[in-house]
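Remember, it's 1-based here, ligands and their atoms both numbered in the order they're listed. Position 1 is the first residue of the sequence; numbering continues from there.
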Amino acid sequence: MTLNHFLNRVAARNPHQPEFLQAVSELAASVWPVYESRDDLVRNQILDLIVEPERQVIFRVTWVDDEGEVQVNRGCRIQYNSALGPYKGGMRFHPSVNQANLKTLGFEQIFKNSLTGLAMGSGTGGADFDPKGRSDGEVMRFCKSLMMELYRHIGANIDVPARDLGVGEREIGYMFGAYNRIKNDYTGAFTGRSVGLGGSPLRAEAAGYGCVYFVEEMLKTIGESLEGKTVALSGYGNVAQYAIEKINQLGGMVVTVSDSTGFVHDPAGISGEKWQYLLELKGKRYGQISDYAKLFEAAYHPGQKPWAVPCQVAIPCATLHELDEADARALVKNGCRCIGEGANMAATPAAVEMFRNSPVLFAPGKAAGAGAVAVSGFEMSQTSQRLSWEAEEVDRKLKNTMRSIHEQCMEHGKNGGRIDYVKGANVAGFLRVANAMVSRGLL
Ligand code: GLU
């Protein structure tokens with residue numbers, strides 16, 4: 001079999017899922033030489049097994065809004081791979097959610113979770129529900145209704161959902177509460193809970209901090225650090241907020257934030273009360289990033305993305321495929337040295353190719369963005385022990401995990417004198433799961 005045969009087979013079985021096919025193509029292209037050289041992997045058809053989710057559940061979610069109108073949404077949970085541990089990954093609430101894009105995220109999550117070195121399989125899920133502009137009561141009723149179905153598929157040793165886009169501490173609290181009540185069982189069926197509900201210190205900060213720790217490691221390989229660097233960043237939600245905080249602590253300066261309407265350019269840097277304001281803004285029902293620009297007299301660029309702003313480091317923290325080939329070209333042309341994805345698959349495949357063929361260091365989200373799920377893994381350990389670790393301990397473990405992922409990328413991503421982080425992350429993530437799958441025998 002050739003790589004093309006394999007990809008044609010996957011394409012035939014998964015029509016109308018271009019993003020999924022792209023994710024599979026990238027992974028398969030990276031691991032193909034290793035795969036072919038391992039008779040045990042080929043004999044067990046591990047690549048064919050790994051692209052097929054173990055289970056997918058799709059269900060109706062019915063609830064009543066504040067006006068008394070009945071609303072119908074669609075919920076989904078994809079239990080992708082359990083070779084390394086219980087299915088593990090976020091729940092995403094966004095109007096764009098569908099089975100195909102959740103499958104793409106779930107596929108990526110296999111390798112991200114594997115890279116953390118923790119005992120976590122891969123799962124992902126969500127609903128086409130838009131929490132934006134909804135009251136607390138509406139969000140609560142939606143979450144409780146969703147759990148009427150989801151509860152039967154999850155559990156501390158089965159599948160442990162967590163935060164993702166549109167799902168934060170509030171939503172996790174409502175879903176976890178419903179789970180406890182329906183199952184009469186107070187165990188760690190969710191991570192990303194508030195500390196008051198048994199969550200881990202630093203879980204909120206984990207994605208942002210982890211990404212910045214990874215970027216520091218990347219910069220170290222070229223004898224540099226974040227100190228004094230100008231950083232362009234997108235988004236202003238959970239990942240962005242704590243990435244900004246950590247960059248400021250390490251002496252860098254973030255000059256952009258964005259939302260779906262446009263981006264703000266603040267050359268004086270986003271820190272102190274401006275950073276505090278971002279946290280408040282996210283909590284507002286109708287807040288927009290242009291409000292920041294008005295308040296702090298910064299430039300607001302409607303309908304644009306921040307990637308043409310000159311910077312040495314770029315951290316996309318907003319959403320899937322937000323950074324395209326033209327954006328990549330602008331970053332390379334302006335002398336950007338290092339890019340770490342805080343959001344899953346933020347760069348399009350063409351943008352990734354451009355980075356890989358340039359002197360820029362580029363790390364994919366499955367490596368640079370693994371901090372969130374790593375601290376979720378720590379939360380699972382704390383829950384099992386019924387103990388809570390100090391924030392300093394979680395931070396130390398998070399830093400070690402990001403360092404270890406970076407080392408794995410260096411080991412498997414050597415490309416002449418350079419490090420190909422895409423290849424390194426794919427090969428290292430793949431090998432750990434593939435070996436576990438072989439050991440378990442065909443299932
Ligand atoms: N959705 C986040 C991620 O992409 C977090 C998953 C988790 O904490 O389980 O890794």
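For Phe129 and His94, the ring centers sit 6.0 Å or farther from each other. For Phe176 and Tyr186, the gap between ring centers is short of 6.0 Å. The six-membered or imidazole ring of Tyr236 lies away from that of Tyr292, with a centre-to-centre distance of 6.0 Å or more.
Nearest protein neighbour of atom 6 (C) of ligand 1, counting heavy atoms only, is Gly90 N, 3.7 Å. For atom 8 (O) of ligand 1, the closest non-hydrogen atom on the protein side is Ser376 OG, 2.5 Å. Nearest to atom 2 (C) of ligand 1 among the protein's heavy atoms is Arg163 O, 3.7 Å. In this structure, the protein non-hydrogen atom closest to atom 3 (C) of ligand 1 is Lys112 NZ, 3.4 Å. The shortest contact between atom 1 (N) of ligand 1 and any protein heavy atom is with Asp164 OD2, 2.7 Å.
Of the candidates Glu108, Glu341, Gln109, Lys366 forms a side-chain hydrogen bond (donor to acceptor under 3.5 Å, both in side chains) with just one, namely Glu108.
Salt bridge status for Arg163 with Glu169: present, with a side-chain N to carboxylate O gap under 4.0 Å. A salt bridge is defined here as a Lys NZ or Arg NE, NH1 or NH2 lying under 4.0 Å from an Asp or Glu carboxylate O, and Lys88 with Asp159 fails to meet this definition. Glu379 and Arg193 are joined by a salt bridge, as a carboxylate oxygen and a charged side-chain nitrogen come within less than 4.0 angstrom of each other.
Remark: distances from the non-hydrogen atoms of Met120 to ligand 1 are all 4.0 Å or more. Proximity of Gly89 to ligand 1 is established by a heavy-atom distance of less than 4.0 Å.
Contact annotation for Arg203 and ligand 1: only side-chain heavy atoms (C-beta onward) come within less than 4.0 Å of the ligand. Counting heavy atoms closer than 4.0 Å to ligand 1, residue Arg92 contributes nothing at all. Only the side chain of Asn344 comes within 4.0 Å of ligand 1, counting heavy atoms alone; its backbone N, CA, C and O stay farther away.
Atom numbering of ligand 1 starts at 1 in the shown order; those under 4.0 Å from a heavy atom of Lys88 are 7 (C), 9 (O). Interface of Ala162 with ligand 1, defined as ligand atoms under 4.0 Å from a residue heavy atom, comprises 7 (C), 8 (O), 9 (O).
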Worked verdict on Arg403 versus Glu217 for salt bridge (Lys or Arg N to Asp or Glu O under 4.0 Å): CA-CA 7 Å; Arg403 203 174 291 138; Glu217 292 296 319; 3.5 Å; yes

